[in-house]
Number of protein chains: 2
Amino acid sequence: VTTPSTPAASGTSQLATTPFRRLDHVGIAVWDADLAIPYYRDVLGLPLVGDEDAPEPGTRLVYFEVGGAFLQLVQPVSEDCNIRDWLREHGEGVHHVCLAVEDLSSITRLRPDDPEAPIFQAGRDRHACFLTNTAPQGTLIEVTELHRSR
Amino acid sequence: VTTPSTPAASGTSQLATTPFRRLDHVGIAVWDADLAIPYYRDVLGLPLVGDEDAPEPGTRLVYFEVGGAFLQLVQPVSEDCNIRDWLREHGEGVHHVCLAVEDLSSITRLRPDDPEAPIFQAGRDRHACFLTNTAPQGTLIEVTELHRSR
């Protein structure tokens with residue numbers, strides 16, 4: 001049994017109302033997206049709506065759309081991509097859950113000012129960040145903006 | 001690197017169009033929902049919209065709503081609940097991703113006729129099943145109906 005994360009107790013990180021507008025996507029880490037695509041596209045029949053390289057994290061991101069949300073395959077591309085370490089430790093599977101907000105400034109209190117939680121250019125031309133030091137119960141949460149940043 | 005699941009190659013399990021209507025919820029396995037609730041409710045500010053016991057799998061299910069979809073905490077209650085085994089092996093974290101269909105009969109071809117994939121009475125009065133023998137890349141996929149079954 002784990003202990004709960006502490007921000008709620010401090011009171012400083014609580015939000016009066018939620019800034020989260022939707023469940024944007026679930027990120028699934030895989031070694032090779034080409035091996036995973038046939039299941040989602042051909043067996044489940046989900047539309048493949050995006051396949052792009054995200055330079056900053058050094059990943060290939062493949063998107064399947066389901067009712068306006070997405071299943072996202074995350075394949076490490078660059079040698080120093082930290083998804084490689086995650087895959088070695090965990091094996092393939094769900095890596096993160098991403099919630100969408102109008103503007104990342106609405107979650108400043110949830111995003112610690114540390115180098116582990118930078119805002120980066122994520123897939124689909126969105127700004128995003130991870131809630132790295134508050135991830136509860138083993139669940140890594142990404143936050144992305146609803147609208148394109150460019 | 002894993003090998004892909006085989007149903008796509010056989011051709012018999014392919015769907016001409018997708019029956020999946022939305023990303024319904026992400027199930028997060030936890031030992032004690034009471035320890036996890038404060039983060040989702042008070043820190044993220046998500047509305048807690050359900051807290052129920054699901055007798056058949058022997059679990060407590062807690063739902064937070066985000067844009068019409070849900071984050072679902074899954075706490076084992078009964079002694080023989082298989083979530084206990086999963087938690088001992090994996091630790092707390094994302095356990096499954098659930099997609100919604102109009103009717104489970106639309107995915108008969110994806111649901112093998114074996115005792116590991118029964119239709120059961122899931123949370124929020126929905127019928128659901130798991131795609132147990134086709135789960136690709138370590139991702140367990142549940143399928144639920146959009147509408148209440150009672």
Side-chain angles (χ1 to χ4, degrees), chain A residues 1-5 7-9 13-26 28-32 34-47 66-71 73 90-97 99-100 107 109-110 131 134-141, chain B residues 1-5 7-9 11 13-26 28-32 34-47 66-71 73 90-97 99-100 107 109-110 131 134 136-141:
Chain A
V1 177
T2 63
T3 51
S5 300
S13 294
Q14 297 195 29
L15 298 167
T17 58
T18 186
F20 300 106
R21 295 290 168 260
R22 66 170 195 174
L23 180 52
D24 188 81
H25 68 261
V26 176
I28 300 168
V30 298
W31 284 112
D32 184 341
D34 287 330
L35 296 181
I37 285 172
Y39 180 79
Y40 294 96
R41 182 190 60 195
D42 303 330
V43 179
L44 297 187
L46 299 177
V66 52
F70 305 92
L71 299 185
L73 302 180
H90 297 84
E92 297 184 313
V94 174
H95 174 264
H96 66 270
V97 175
L99 307 179
I107 59 151
R109 280 180 298 178
L110 297 177
L131 303 183
T134 56
Q137 287 78 41
T139 304
L140 181 57
I141 296 179
Chain B
V1 177
T2 62
T3 52
S5 299
S13 294
Q14 297 194 28
L15 298 166
T17 58
T18 186
F20 299 106
R21 295 290 168 262
R22 66 170 196 175
L23 180 51
D24 189 82
H25 68 262
V26 176
I28 300 168
V30 298
W31 283 112
D32 185 342
D34 287 330
L35 295 181
I37 284 172
Y39 181 78
Y40 294 96
R41 182 191 60 195
D42 303 330
V43 179
L44 298 186
L46 300 177
V66 52
F70 305 93
L71 299 185
L73 302 180
H90 297 83
E92 296 184 315
V94 174
H95 174 263
H96 66 270
V97 175
L99 308 179
I107 59 151
R109 282 179 298 179
L110 296 177
L131 302 183
T134 57
Q137 287 78 41
T139 304
L140 181 57
I141 296 179

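All values below were derived from every heavy atom in this structure, side-chain atoms included, with hydrogens, water molecules and symmetry-related copies excluded. Just so you know, these numbers come straight off a predicted model, no measurement behind them. Naming: A, B, ... by sequence-line order, numbering from 1 per chain.
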| query | Tell me, side chain or backbone of Leu46(A) under 4.5 Å from chain B's heavy atoms, or both, or neither? | reply | both

| query | Is there side-chain contact between Thr18(B) and Leu44(A), with heavy atoms separated by less than 4.5 Å? | reply | no

| field | Check against side-chain contact (heavy atoms from CB on, under 4.5 Å), Tyr40(B) and Ile141(A) | value | CA-CA 11 Å; Tyr40(B) 294 96; Ile141(A) 296 179; 4.1 Å; yes

| Side chain / backbone / both / neither for Leu23(B) at chain A, heavy atoms under 4.5 Å | both

| said: Just so I know, are the side chains of Thr139(B) and Tyr39(A) near enough to count as touching, which here means a heavy-atom distance under 4.5 Å? | reply: no

